[in-house]
2 protein chains.
Amino acid sequence: MNAPAISIANLRVACSNCNLRELCLPVGLSLKEVERLEELVATRKRVKRGDALFRAGDRFESLYAVRLGFLKSTVMSQDGREQVTGFHMAGELVGLDGISTEAHSCDTVALEDTEVCVIPYDRLEEVASSMPVLRNHFHKVMSREIVREHGVMLLLGSMHAEERLAAFLLNLSQRFEARGYSRTEFVLRMTRAEIGSFLGLKLETVSRVLSRFAQDGLIDVNQKHVRIVNPDGLRMIVSGQGT
Amino acid sequence: MNAPAISIANLRVACSNCNLRELCLPVGLSLKEVERLEELVATRKRVKRGDALFRAGDRFESLYAVRLGFLKSTVMSQDGREQVTGFHMAGELVGLDGISTEAHSCDTVALEDTEVCVIPYDRLEEVASSMPVLRNHFHKVMSREIVREHGVMLLLGSMHAEERLAAFLLNLSQRFEARGYSRTEFVLRMTRAEIGSFLGLKLETVSRVLSRFAQDGLIDVNQKHVRIVNPDGLRMIVSGQGT
DNA sequence: CGTTTCGTTGAAGAGTGTCAAGGCCAGTGG
DNA sequence: CCACTGGCCTTGACACTCTTCAACGAAACG
């Protein structure tokens, strides 16, 4: 754990060529501005499956833009209960929790081999001060995270197991689609226990509900492989009209 | 509803004299910097109990710093389920949800007569661009909100009714204390249903658990009036060691 | 002072959790 | 190549927490 299996690739980054730029960057940047950004994103970092990008308590220094791979973030209470607060995929920004106290308050762990762009925070602040577009974009990203978490609170606070799972699947579907993958067929990178933790359910409940969905012809499940057969059916369930 | 009972008080604001400045402002500002801030916070706004400061869908223009009073924020799903996402008291900043899409995504409603400082967002951006201390403070406030919501997710996702209520009471207690009020004796500004919505419980459950706490000598409850008798007992419950 | 909203409490039931057993699959070493 | 192992997933039976439904009492409001 002391010499983590994380290799720092001191590669020259090219945001302008990155196929994630629509997700990652503000729109309407001049070429010159993109160049300044590329200076900002100095390095990349690889994180092997199972390793942490950062852990609660780590000094906060950088934000990370996921380039490829899949991660989860978890918080832990003093008595050891763990809660998954989110799953992250390509184009998403992680590490925002660290700004408030200059130390991270959650663990972020790769669920498959992952590569991130490292964005040193003090340099981001610097560049942002003279680039209103970037600053504004950054504020919007943070705000979007707050809004996303409101949605999770709604889910955890007022939805039943089936509704939670249906919403979860549709959310994944939509995010995969936005990245050019199939919206109907994908692989769950996380275990049932991790899904359950995120949704406030036990892994057995997750398993049971997925089986029920399959039986009702809403999805096909085979271990981690999922195919959405009837998205409208899932939407019905999310809106509380399922059966 | 169309002509809301909100009066705009075009008063000169004086952050330098405000007794909330420790909560609201970054530390270590020069007098001149505080003056620039006071220009920023141009007006105040009163919101009567029951009225909304803003509603989901409203165009986002300003952030609001609560000067005095008490508010709740709620999100609503398409099918009409409502979830309280937070309660806000003096010194806290609300409206951050609006930045992401330039429209608010939640309702924020006063639970008692409330007064807020209006902070026009475009002017905040302006001033922040040349005031690193302020910008950094603002980022920390947003990040803190993200961390707070992680805590709520932990609570909703992995705690029992008694643990949720105990955590809720201790959180209120601590926030009242930080504002110079009693940490042991306070008035709940929200209804049981609102507490329940926030905690993912039904109002009857909230009522029952509070009664049980009272019976166990942890608190005194009389309608909205609460006195914390045994805070350590509540802490035990939060950490899953209750009974 | 009536009306309405809010809070408390009880009884019964639904929805998840818990516990336990077994199956599937990938990786490992013989 | 095959058996073995350990992690992950599925399914059943049962327990328990929380919700639902209902009735009543207390406080707030016009």
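Quick note on labels: first sequence line is chain A, next is B, and so on, each numbered from 1. All of these numbers come straight from a predicted model, not from anything done at the bench.
Comparing the start and finish of the helix from C:dC1-D:dG30 to C:dG30-D:dC1, five pairs each, the helix axis swings through 40°, to the nearest 10 degrees.
For the pair A:Ser105 (side chain) and A:Ala56 (backbone), a donor-acceptor distance under 3.5 Å is absent. Side-chain atoms of B:Asp113 come within 3.5 Å of backbone atoms of B:Arg49 as a donor-acceptor pair (strictly under, hydrogens ignored).
When the P atom of C:dT5 is taken as reference, atom CD of B:Glu194 falls 14 Å away, rounded to whole Å. Atom-to-atom, NE2 of B:His225 to P of C:dG7 comes out at 15 Å; the value is rounded to the nearest Å. The distance from atom CZ of B:Arg189 to atom P of C:dT5 is 22 Å, rounded to the nearest whole Å. Atom CG in A:Leu210 sits roughly 16 Å away from atom P in D:dC8 (whole-Å rounding). Here the C1' atom of nucleotide C:dG10 and the CD atom of B:Gln215 are 14 Å apart, to the nearest Å. Residue A:Leu203 contributes atom CG, which lies 11 Å from atom C1' of C:dG17 at whole-angstrom precision. Rounding to whole angstrom units, CZ of residue B:Arg192 and C1' of C:dT5 are separated by 13 Å.
Within the 4.5 Å cutoff, the side chain of B:Val118 has no heavy atoms near those of the B:Val41 side chain. Using a 4.5 Å cut-off on side-chain heavy atoms (C-beta onward), A:Phe87 and A:Leu71 make no contact. The shortest side-chain heavy-atom distance between A:Ile195 and A:Leu165 falls under the 4.5 Å cut-off.
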Run the numbers on A:Thr108 and A:Ser73 for side chain to side chain donor-acceptor pair (under 3.5 Å), then give the verdict. CA-CA 4 Å; A:Thr108 296; A:Ser73 288; 2.8 Å; yes

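Here the shortest heavy-atom pairing between A:Val209 and A:Ala161 reads CG2-CB, 4.2 Å. In plain terms, the two heavy atoms of A:Ser197 and A:Val84 that are nearest each other are OG-N, 2.8 Å.
Of the inter-residue distances, the one linking B:Arg67 atom CZ with B:Glu92 atom CD reads 15.0 Å to the nearest 0.5 angstrom. Distance check, rounded to the nearest 0.5 Å: CG of B:Leu154 to OG of A:Ser77 gives 5.0 Å.
Using a 4.0 Å cutoff on non-hydrogen atoms, no part of residues 163-170 of chain B comes near DNA chain C.
At a threshold of 4.0 angstrom between heavy atoms, the contacts of A:Ser207 include nucleobase atoms, whether or not backbone atoms are also involved.
Under 4.0 Å is where a charged nitrogen must lie from a carboxylate oxygen, and between B:Arg55 and B:Asp107 at least one such pair does.
Listed pair A:Ser211 / D:dT11 meets the phosphate criterion, a side-chain N or O lying under 4.0 Å from OP1 or OP2.
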Under 4.0 Å protein heavy-atom contact, by nucleotide of nucleotides 14-30 of chain D - B base, S sugar-phosphate only: ----SBBB-----S-S-

